[in-house]
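All remarks here apply to the structure that follows.
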Amino acid sequence: MYNMDQYDGENDYMQQEDDWDRDLLLDPAWEKQQRKTFTAWCNSHLRKAGTQIENIEEDFRDGLKLMLLLEVISGERLAKPERGKMRVHKISNVNKALDFIASKGVKLVSIGAEEIVDGNAKMTLGMIWTIILRFAIQDISVEETSAKEGLLLWCQRKTAPYKNVNIQNFHISWKDGLGFCALIHRHRPELIDYGKLRKDDPMTNLNTAFDVAEKYLDIPKMLDAEDIVGTARPDEKAIMTYVSSFYHAFSGAQKLLEWIRRTIPWLENRLPENTMQAMQQKLEDFRDYRRLHKPPKVQEKCQLEINFNTLQTKLRLSNRPAFMPSEGKMVSDINNAWGSLEGAEKGYEEWLLNEIRRLERLDHLAEKFRQKAAIHEAWTEGKEEMLQKRDYETASLSDIKALLKKHEAFESDLAAHQDRVEQIAAIAQELNELDYYDSPSVNARCQRICDQWDALGALTQKRSEALQRTEKLLETIDQLYLEFAKRAAPFNNWMEGAMEDLQDTFIVHTIEEIQGLSTAHEQFKATLPEADKERLAILGIHNEIAKIVQTYHVNMAGTNPYTTINPQEINTKWDKVRQLVPQRDQALIEEHARQQNNERLRRQFANQANVIGPWIQNKMEEIGRISIEMHGTLEDQLTHLRQYEKSIVNYKPKIDQLEGDHQLIQEALIFDNKHTNYTMEHIRVGWEQLLTTIARTINEIENQILTRDAKGISQEQLNEFRASFNHFDRDHSGTLGAEEFKACLISLGFDIANDAQKRTGIMDAEDFKTCLISVGYNLGENEFSRIMSIVDPNRMGIVTFQAFIDFMSRETADTDTADQVMASFKVLAGDKNYILADELRRELPPDQADYCIARMAPYCGPDAVPGALDYMSFSTALYGESDL
C-alpha cells in the first residue's frame, strides 16, 4: 500500500505517562482548551473528506469519523468499517482505529474501545492527543532534535530576532500573543505590522494572530484569546497543537521536498509482486497517489511559488533585503525535485499494467495447472491401492469376469487421462519459462503426477495378467463345479427321498397294505449298488477340483456356486441310508405280525356283532307289535311283555362279551372292520333303546290299567282310544305330533274351535267346519294350544299314549260328574232350582258349606226367594263344562 509517511515503530517518540496522567481529572480550564483545540485540529483534516465533528466525545463514539480521520492524516486505508448501529458494531470500529494507531508504534495505555464508545471525555481527549503527537508533532525535526523539542527549537529560531519574545515552553511563553505574531511576521511580514504590537495588550495580539492565521494561512482558530489570557498557565497540549499547525503551514517547502524524497523511491521500485492481488493493490495505490495525494502537492508547490514571489516583491518594494531560503530549499531545488518525481512517475503505470497482464497470464496458467492437477489427483486417489488389491484370489468366476470388465473399463479410462497428464506437464513447462514465482512447488507436483502415472501403468498391466490367469483356472474349476452340481443334486434328492421313505412312520390297516410296502422295500434295496457307483463318481469330480486348487495354489474362499451340497454331506447321507435299511426291514416284519393279529380280532368281533345286531332289531319290532296289536286284556299284554323283558335281560352276557372284544380292537388301534356293518356304538345304542322301550311299554300298560280302574273306563273304550292313537301314529313311534294329535281329537268327536261347545250329537255349521278340519283344514289355534298345554306340559311337541289316555279319561269323567253334582244339589234343595245357605250348612261339612256359599252366585229365576243360591251354574263352572 502507498505510504508517504513511513515510520519506525521501534522509536518510542513519547512517554504517555509523562504527558497524560490518566489517573487525575483534567483542570476544567485545560479541558475546555483541549476540547476546543483538538476539535478544531480534527476538523482541519476532516474537512478534506467533506465532514466535521461538533462534539469530540460524542461524534467519535461509533468509530466511523475516527477511522476517517486516521485515513486522512495517514494517507492509508483502514479495514472496512461496520455500518451497524449496535454497540458491538461501534466497538468493532473503534478497535480497528486503535489497532491502526498501535500499528504505528504507539503504546495506548488504559485506552479501550468501550470507554470511547461510552463517550468518556478524558479517554477521548487522551486518544486524540496521542494521534496529534504521532501524526502532527513526531515528524518535526530541527537540528537533530525532534517532536516536542524540535518544535520548541524551531519556534525559538524563528522568533529570535523579535524583541519581547522569549519562547521557553508551550504555556506562559505564548500568553502575550507576541510569539504567534512573530511566527506569522517571520514568514509572512505583509500580513502583520509587528511594530504596532504592544506586550501589555495580549488580547489584541492573540486575536490578531488567530484571525490572520485563519484568514490567510488556512489555520483554523483553535483557541479564543480569553482562554489563554484568563488562565494562569495555558494548557500545554492545546498550545503545542496550535503551534504545530503554524509549523506545518510555514514549513511547506521542506515538507514538500521530504514528500518528494519519500515518493520517488516508491515510484522507482520496479520489484514485481508474486500475486495478482498484490500487483492490483500497487496499481490501486498508484491511482490513489494520482487522485488523492499528488493533486494537493501540486497545489502546495504552486502556492509556495506564489508566496515566494509575493514575498520577494513586497520586500523589494519596502527596500528590504530579499528573502533567501536555506540551502536546498530554493524554488529551483523544488522544481528539480519535482522533475525527478515526474521522471520516476513516467512509465510506472505502464509497468504496473504490463506486470499485471503477466501475472494474470501466470495466475490463469497456475489455476489451470491446479485444477487439472486436482482433478487428476482426485481421479488417481485410491487407484494404486485398487490395482494392488489381490481380491481376485478369493473371487468366484462371476466375480473374476466382473473384475475383468471393470479392469478393461479402467484401462480405457487410464488411456483417456493420458492427455490430461501431458497437458499438466506442458503447463508446468510454460510456468517455468514465464518465471512463475511458485515454480518449485509446481515442478514437484508435476513430477509426483508423472511418477504416479508411470506406476499406475505398470500396476495396470500386472493386474490384467493376474486377472486373465485366474479366469482360466476358475473356468476349469467352474465346469467341474457345474458337473458336480448336475450329478450331486439328483443323487442328493434320491438319498433324501430314500431317507424320508425309510424313516416314514407308515400307517397300514390290512395285510395287503403291509405286503405292498415290503415288496417296494425289496425293490429299493436292489438299487443300492448302482447308487453307490454314482456316489463314487461324484466324489471323484470333487477330488479333481481339489487337485487343481492344490497344484496352482488357487485360494478358493468361496464354495460351489451351483449347489450347496458338499462331499461330506453326500457321505453322511449315504451312511444314513445304509443304516436305515435294516431298521426298515425290522419295522416291516413287526408290522406284518401286528396286522395278522388285527385281522383275527376283526373277524372275532364281526362274528358276534353280526348275530347280536339283528337280534336287537327283531326284539324292538316284536315289542312294537305287542303294544299296537292289543291282543287280550291289558293284564295279558303286561304278562307277555314281562316275559320279553326277562329274555332280553338274559341276553346281557353276550353284550358284555362283545364289549370285551371291542376293547381289544380299540387297544390295537383298529378303526374299520370290513367283515361287519355293526360298530360297538350301534350295538350299545340299540341295546339301550331295547331296554328303554320294553320298560316304557310295560310302564304304559301299567298306567293304562291304573287309569282304567281309577276313571272307570271300560276295556272297549281303551281299545277305541288305542285304535285311534295307533291310526294316527303313522311312523309307529309311540307318540303323536301336534297335527297328528289334532286330527285324532277331531276323529273322536271333539270340536276344537275358539269357543268350546258341548257335544249335541248333531252336525251344525260349526260341526261341519270341524269335519272339514279333520280332512286337512286348520283348527282354531287358541283352543288347540290350550289342549296341547295339558297333554304336552313340557312343550316337546309330541303326545304320548299315556297323556292321551289321561286326557280322554278326564274328559269323559268330567261330563258324568257335573250331572251327578247337580242332581245331588237338587236332592239337597228338595227339587228346587235353587238352594239356601242354611240347607248347605245342615247337609255339608262346615268347610265345604262355606266354600260353596262363598262361590255360588245368587239365583235370579222367577221362583227366587231371598238368599237363594244358583247351584247349577256353580256345578257347571266347577267342572269346566263351559271350557270344553
Test item: Thr551 side-chain N/O and Ile548 main-chain N/O as donor-acceptor pair under 3.5 Å: no

query: Is there a donor-acceptor pair under 3.5 Å between the side chain of Asp478 and the backbone N or O of Leu474?
result: no

query: Would you call Arg463 and Glu411 a salt bridge, using N to O less than 4.0 angstrom?
result: no

- request: Write down the atom of Gly84, the atom of His89, and the distance for their closest heavy-atom approach.
  value: CA-ND1, 3.0 Å

message: Parallel, tilted or perpendicular, judged at 30° and 60°: which one describes the rings of His376 and Trp453?
response: tilted

- request: Using a 4.5 Å cut-off on heavy atoms from C-beta on, say whether the side chain of Tyr436 contacts that of Asn443.
  value: no

message: salt bridge (charged side-chain N to carboxylate O under 4.0 Å, His left out) for Glu342 and Lys346? Distances and angles first, verdict last.
response: CA-CA 6 Å; Glu342 295 283 357; Lys346 187 178 181 180; over 6 Å; no

- prompt: Out of curiosity, Phe38 CZ to Ile53 CD1, how far, rounded to the nearest 0.5 Å?
  reply: 11.5 Å

task: Taking only Lys NZ, Arg NE, NH1 and NH2, and the carboxylate oxygens of Asp or Glu, determine whether Lys401 and Glu475 approach each other closer than 4.0 Å.
output: yes

query: When rounded to the nearest 0.5 angstrom, what distance separates NZ in Lys48 from CG in Asn43?
result: 12.5 Å

message: Could you walk me through whether Met123 and Met127 satisfy the side chain to side chain contact (heavy atoms under 4.5 Å, CB included) test, starting with their C-alpha distance in whole Å, then the side-chain angles of each, then the deciding distance to 0.1 Å, before giving a yes or no?
response: CA-CA 6 Å; Met123 294 299 175; Met127 177 188 66; over 6 Å; no

- prompt: Is there a side-chain contact between Trp379 and His417, using heavy atoms and a 4.5 Å cut-off?
  reply: yes

- request: Work out which heavy atom in Leu467 is nearest to a heavy atom in Ile400; give both atom names and the distance.
  value: O-CG2, 4.0 Å

query: If every non-hydrogen atom of Ser74 is compared with every non-hydrogen atom of Phe135, which pair is closest and at what distance?
result: CB-CE2, 3.9 Å

query: For Lys80, does its backbone N or O pair with a side-chain atom of Lys96 as donor and acceptor, under 3.5 Å?
result: yes

message: If you compare all heavy atoms of Leu46 against all heavy atoms of Lys65, which two are closest, and at what distance to 0.1 Å?
response: CD2-O, 4.0 Å

query: Between CD1 of Ile132 and SG of Cys42, what distance do you get to the nearest 0.5 Å?
result: 6.0 Å

- prompt: Taking side chain as C-beta onward, heavy atoms only, is Ile128 less than 4.5 Å from Ile131?
  reply: yes

message: For Ala428 versus Val442, what's the shortest heavy-atom pair and its separation?
response: CB-CG1, 3.8 Å

message: Run Arg47 and Asp218 through salt bridge (charged side-chain N to carboxylate O under 4.0 Å, His left out) and show every step you take.
response: CA-CA 12 Å; Arg47 67 185 179 184; Asp218 199 25; 2.7 Å; yes

query: Got Lys221 and Tyr242 here, is their nearest side-chain heavy-atom distance under 4.5 Å?
result: yes

message: I'd like to know if Glu114 pairs up with Arg87 as an ion pair, taking the criterion as any Lys NZ or Arg NE/NH1/NH2 lying under 4.0 Å from an Asp or Glu carboxylate oxygen.
response: no

message: Are the side chains of Gln371 and Lys368 in contact, using a 4.5 Å heavy-atom criterion?
response: no

- prompt: If you look only at pairs with a residue in residues 375-384, which of them pass as a salt bridge (Lys or Arg N to Asp or Glu O under 4.0 Å), with sequence neighbours excluded?
  reply: Glu377-Arg445

- request: Would you check, one step at a time, whether the test side chain to side chain contact (heavy atoms under 4.5 Å, CB included) holds for Val298 with Trp338?
  value: CA-CA 9 Å; Val298 172; Trp338 193 264; 3.4 Å; yes

message: Keeping Ser244 on the side-chain end and Thr241 on the backbone end, is there a donor-acceptor pair under 3.5 Å?
response: yes

Polar side-chain atom of Asn93 near backbone of Leu64 as donor-acceptor pair, under 3.5 Å: no

query: Cut-off 3.5 Å, side chains only: do Gln447 and Asp451 have a donor facing an acceptor?
result: yes

- prompt: Can you tell if the side chain of Glu471 reaches within under 4.5 Å of the side chain of Leu404, non-hydrogen atoms only?
  reply: yes

Polar side-chain atom of Ser464 near backbone of Gln461 as donor-acceptor pair, under 3.5 Å: no

query: Are the side chain of His407 and the backbone of Thr460 linked by a donor-acceptor contact shorter than 3.5 Å?
result: yes

field: Residues Glu57 and Arg61 bridged, charged N to O under 4.0 Å
entry: no

query: Between CD1 of Ile91 and CD1 of Ile116, what distance do you get to the nearest 0.5 Å?
result: 11.5 Å

statement: In terms of heavy-atom contacts, Ala113 and Leu98 come closest through N-CD1, 3.8 Å

- request: Check whether more than 12 heavy atoms from other residues, nucleotides or ligands sit under 6.0 Å from atom CD of Glu367, and answer yes or no.
  value: yes

Ala409 backbone acceptor or donor facing Asp413 side chain under 3.5 Å: no

task: Could you grab the distance from atom CD of Glu71 to atom CG of Leu66, nearest 0.5 Å is fine?
output: 10.5 Å

field: Point-to-point distance, once rounded to the nearest 0.5 Å, from CG of Asn432 to OG of Ser439
entry: 4.5 Å

message: Other residues, nucleotides and ligands only: do more than 12 of their heavy atoms fall within 6.0 Å of CD on Glu350?
response: no

query: Hey, are the side chains of Leu133 and Val106 touching, using non-hydrogen atoms and a 4.5 Å cut-off?
result: no

